[in-house]
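Okay, so here's the structure we're looking at.
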Amino acid sequence: MLDTQFIPKDSESSIYEFWLKHDLFKADSNSKAPTYTIVFPPPNVTGVLHMGHALTCTLEDILIRRKRMQGFNTLWLPGTDHAGIATQMVVERNLMKEEKKSRHDLGREKFLGKVWEWKEKSQETIVSQMKKMGGSFDWSRLAFTLDENVSLAVRECFLRLYNEGLIYRDTAIIQWCPRCHTALSDLEVKFKETPGKFWHIKYRLKGEPSKYLVVATTRPETLLGDTAVAVHPEDDRFRDFHGKEVMVPLVGRAIPVILDTYVDMQFGTVALKITPGHDPNDYIVGKKHNLPIINLMDENAVLNKEAGAYQGLDRQKARLKVLEDLAKQELLVKEENHNHNVGHCDRCGTVVEPKVSAQWFVKAEELAKDAIRAVESKEIRIVPEEWEKTYFEWMRNIRPWCISRQLWWGHRIPVWYCQQCEEAHVGLEAPTVCKKCGETKLRQDEDVLDTWFSSGLWPISTLGWPKNSQDLKAFYPTSVLETGFDILFFWVARMIMLGMKMAGKIPFHTVYLHPMVRDEHGQKMSKTKGNVVDPLEISDRLGTDALRFFLSWNAFHGRDMRVSDEGVESCKFFVNKIWNASRFVLMHFGDVKQSNVDLSNEVNQWIWSRLNHIKEEVNRSLDQYRFFEAAQALYHFIWSEYCDWFIEFIKSKDELEARKAAKESTAVEVLEEAIRLLHPFMPFVTEKLWQEMPIREQSKVSICIASYPAVDNSKKFPVAEERLARVIRLIEQVRTTRGLHQLSPATEISLSVSSLAGDSLLFELSPFKELIKKMGKLKELDFKTQEFPKETHLSIVMRDLKLFIPKSDLGDLTKELSRKRKELQEKTEALRRADEKLRNEKFINSAPQAVKEGVVKQKMDLKREVEALEQYLADLG
RNA sequence: GGGUGCUUAGCUCAGUUGGUUAGAGCGCCUCGCUUACACCGAGGAGGUCGCAGGUUCGACCCCUGCAGCACCCACCA
């Protein structure tokens, strides 16, 4: 016997233990069964899981559990990501807080020890959270992006790309974070519109100080690094300056005036200062004109000795000082307000500084070609499809990917330089001797690789690549990659590029991009806003099943989804509903242990038929990643059709006793199937209930491996569905009428039903007489072809039936009268439209037969209803 | 500047190739503690589908324009 309530907190962990004990989630690389594989997007080992992870856990678990139940050899591979900058930052911050030390105080070795400690702790937390979410992961394959094999895969990949010339070292202008002390890729810089100033500054002509150019800039401090001033070659205003030199203000250095069409003749002062060391565009112009590059700042973005008198000032202070000095020398013409986009470090928010330095790059445009084709040809399908456009847009304009980072935490770049001759050696292991000069002293590149470089290899590295492992053979390409659209470029695109290049095959057939989780007001969740909803806290309070059901219910194909307490709570009520329905069934049919279905009974036919529809819908929806549709279908079937109608149908004393006596099993079996259908969504409560079901696949130890319900053609009964639909409408009509007359549900009334479409209808209804009587709370019920006078009876027309209720059973009729008048108006209008349509020649010629028939039928129904209503109103009025 | 979405009930959203009277959940209102469930049951109100045109026998759906919102990409100094 079930407890009166399901208490998630008390049951979930023991159910999970039960699954682990029976080793139900382990994939078998030698199995003959078809495989279904999902690689879990590895969470960063920076802390705890948030709602986005909970969503990923839920949706992927739904896919995996269903496939497992369908007999697939499923692999759901869990793992965590070392997350270079992010993790290093967290540990550095902690170190500063707790020991007041920087990472340099500890040194590389010791600091990395600290990070590993942190990683162990964080991974443990994350794993326990993934378990709490009910995730059916294959824990025997738990991976980490710095695992030995992953690391080997990274070096192998680097080597191969290097040998093909797709990885190269170059001195270029890159985005530098002065806080993180590292280069960043373009994707890691977020541009934000920032209010700023536009300063107009005089650059005097060399030798003729009375003549000058005015240059506008938002960053006056960089003028210290100017190596030219550019004007448009066709701009007549500056003819006098062509081929001359101007003096850089404050430093008195002469720089050339160059001509370049890059200058926009409509913008600013139309003379442009060129600072190749600190502006990406200036860098390009500088290269073109062979200008020298002046690097003004150190790694902290503090001005260096190149800045002369300004050495030692940071960017901000230098700007103020420069402006002050310019003003003193009357070189500042004016300043105006100007909003412009300023790049910020994605991780720490610091304003980035363009900086010229030697870095490693991937020729992404080469790798992108195949990756684009794979999506174009639909070999990889992106769901929802709209994202394909975004993918193409980015991929077709992809630029070199800067992969070196000046960090400590990550994959060391597998390049060794000769101490003697600086020759670079790229390889899987450290070389012992320089191949060029024979020197034995070599040092490894100090830098590490961008985290996303190793993440990009994740689907292959976790399966054993570069070794030709059994896992790789069995599970690659994987089936689905499910993640948020925010990392489409960061991660998904790179996996496609690297997976195809390294393994020669696409990494997954489908990319499903889920919406972003927002708070209940649609705001992004953030710690500073304090609107973060913690999935574990919700799960503790309302249950994992409720949270999971809520998340799948809300996984629309839109861009945002909102999480609210109320929403999850209503899902908790649904869990409770199923629990109680099961209690009811077990209470009465707990001893029905054999399948014994009476299919001569139309109520049984109806519920079986409805169940088939739901099976079809759930399976179809999940095939299309329409989680919300599947969840809604199940909710509606279980709550409305099974609980509100089926259980109520069989609840009458005689019916219930008869069913119990005959050990009729429909109630049990339909419920058991519904529970299996629901299992991927709500794993815990369904396991608990399934174990209690008297009829189930006894050979299976858990619902996790019971079969997933599929459509059963022997249990489709369209006729019964139609009849029961009519019965339900009839009962609803009675209840509505009672409600409109403000009668209490307990007030019994009498009803006489006559047919507007022949006696056969009444004949069909007659088996349900007792049912209708009971559910409609009727004291009398007749099926007769008979009219009652308006003085004594209220008549209600519903399609092909006409109902008569004695006025003496009802109270006030005025409301009913006005309602009927309104109804008549509406129906007359609808009838007129239908009529018009049927007379339209073009409609007759071009509309499909089914539509025409539908309209004819509608017209006839309406006509009958309108006539009956008219008569009723005429009688009354 | 370029791109991509969105605008349907008070709120959050469905609405599959144009076709009978546009749906769901939540919220709200009324009535009911009927022995599975008050974490419940029964009923109800509520929408000129952002605006303006167009195509069509027929438009929430297709086309054009407009308005508003969101996001992504892009370093015009």
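Proteins get letters first, then strands, A, B, ... in listed order; numbering begins at 1 in each.
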Q: Report which part of the nucleic acid A:P848 touches: base, sugar-phosphate, or nothing (heavy-atom distance under 4.0 Å, all strands).
A: base
Q | Closest-nucleotide ordering on RNA chain B, the 5'-leading residue of A:F584 and A:F573 | A | A:F584
Q: For B:G41, take OP1 and OP2 only and decide whether either is under 4.0 Å from a side-chain N or O of A:K577.
A: yes
Q: In whole angstrom, give me the gap between the P atoms of B:C69 and B:C76.
A: 24 Å
Q: Taking only the side-chain nitrogens and oxygens of A:T736, find out if one of them lies under 4.0 Å from OP1 or OP2 of B:G44.
A: yes
Q: Would you mind pulling out the nucleotide paired to B:U34, Watson-Crick or G-U wobble, both distances under 3.5 Å?
A: none
Q: For A:K524, look at atom NZ and say whether over 12 heavy atoms of other residues, nucleotides or ligands are found less than 6.0 Å away.
A: no
**Q.** Distance, rounded to the nearest Å, where A:M798 contributes CE and B:U21 contributes C1'
**A.** 15 Å
Q. Is any side-chain N or O of A:E520 under 3.5 Å from a base N or O of B:C11, one able to act as donor and the other as acceptor?
A. no
Q. So does A:W639 get a side-chain nitrogen or oxygen closer than 4.0 Å to the phosphate oxygens (OP1/OP2) of B:G41?
A. yes
Q. Choosing from B:A36, B:C71, B:C13, which nucleotide comes nearest the side chain of A:R562?
A. B:C13
Q.
I want to check one thing: is the phosphate of B:C73, taken as OP1 and OP2, less than 4.0 Å away from some side-chain N or O of A:Y391?
A. no
Q. Atom NZ of A:K842 and atom C1' of B:U55: how far apart are they, to the nearest Å?
A. 12 Å
Q.
Please tell me if A:K389 has a side-chain N or O lying less than 4.0 Å from either OP1 or OP2 of B:G5.
A. yes
Q.
Whole angstroms only, please: what is the CZ-P distance between A:R735 and B:A42?
A. 6 Å
Q: Check the pair A:E386 / A:R559 against salt bridge (charged side-chain N to carboxylate O under 4.0 Å, His left out), numbers first and verdict last.
A: CA-CA 11 Å; A:E386 297 91 80; A:R559 296 202 171 189; over 6 Å; no
Q) Looking only at heavy atoms, what is the nearest atom pair of A:R494 and A:W401, with distance? A) NH2-NE1, 3.4 Å
Q) Whole Å only: how far is the CG atom of A:D560 from the C1' atom of B:C69? A) 11 Å
Q.
Tell me the interatomic distance from A:L689, atom CG, to B:A36, atom C1', rounded to whole angstroms.
A. 12 Å
Q) Quantified in whole Å, what is the P atom distance between nucleotide B:U17 and nucleotide B:C62? A) 9 Å
Q.
Regarding A:N840, tell me which of base, sugar-phosphate or nothing describes its non-hydrogen contacts under 4.0 Å with the strands shown.
A. sugar-phosphate
Q) Within the pair A:R559 and B:C72, is there a side-chain N or O less than 4.0 Å away from OP1 or OP2? A) no
Q: Could you please name the option among B:A42, B:A36, B:G19 that lies closest to any side-chain atom of A:K837?
A: B:G19
Q) Contact class for A:L488 vs. all strands (heavy atom < 4.0 Å): base, sugar-phosphate, or nothing? A) nothing
Q.
Taking the minimum atom-to-atom distance to the side chain of A:E648, which one of B:A42, B:A36, B:U12 wins?
A. B:A36
Q) Are OP1 or OP2 of B:G41 and a side-chain N or O of A:R738 less than 4.0 angstrom apart? A) no
Q. Which word best sums up how the rings of A:F489 and A:W394 line up, parallel for under 30°, tilted for 30 to 60°, or perpendicular for over 60°?
A. parallel
(Q) Ring-plane angle category for A:Y635 and A:F574, please: parallel below 30°, perpendicular beyond 60°, tilted otherwise. (A) tilted
(Q) Using only atom types and a distance under 3.5 Å, with no angle test, would you say the side chain of A:H278 pairs donor to acceptor with the backbone of A:L296? (A) yes
Q) Is A:Q632 near enough to B:A14 that one of its side-chain N or O atoms lies under 4.0 angstrom from OP1 or OP2? A) no
**Q.** Closest listed nucleotide, where the reference is the side chain of A:L272 and the choices are B:A36, B:A77, B:C72
**A.** B:A77
Q: Please assess A:T4 against A:R583 for the test side chain to side chain contact (heavy atoms under 4.5 Å, CB included), listing each intermediate value before the final yes or no.
A: CA-CA 8 Å; A:T4 52; A:R583 281 180 63 211; 3.7 Å; yes
Q. Is the A:H338 ring parallel, tilted or perpendicular to the A:F198 ring (thresholds 30°, 60°)?
A. parallel
Q) Among B:G5, B:A77, B:A36, which nucleotide sits nearest the side chain of A:R583? A) B:A36
Q.
What's the closest nucleotide to the side chain of A:Q858 if the choices are B:A36, B:U21, B:A74?
A. B:U21
Q | Nucleotide of B:C39, B:A24, B:C73 approaching A:K572 most closely (side-chain heavy atoms) | A | B:C39
Q.
Expressed as a whole number of angstroms, how long is the span from A:L634:CG to B:G25:P?
A. 15 Å
Q. With respect to the side chain of A:D264, which nucleotide from B:A77, B:C37, B:G19 is positioned closest?
A. B:A77
Q. Under the 3.5 Å rule, do the base of B:A42 and the side chain of A:K777 count as making a donor-acceptor pair?
A. no
Q | Shortest side-chain distance from A:W553, nucleotide among B:G19, B:A24, B:C57 | A | B:A24
Q. Among the nucleotides B:G19, B:U21, B:A77, which one has an atom lying closest to any side-chain atom of A:F843?
A. B:G19
**Q.** Contact nearer the 5' end of RNA chain B, comparing A:M561 with A:R219
**A.** A:M561
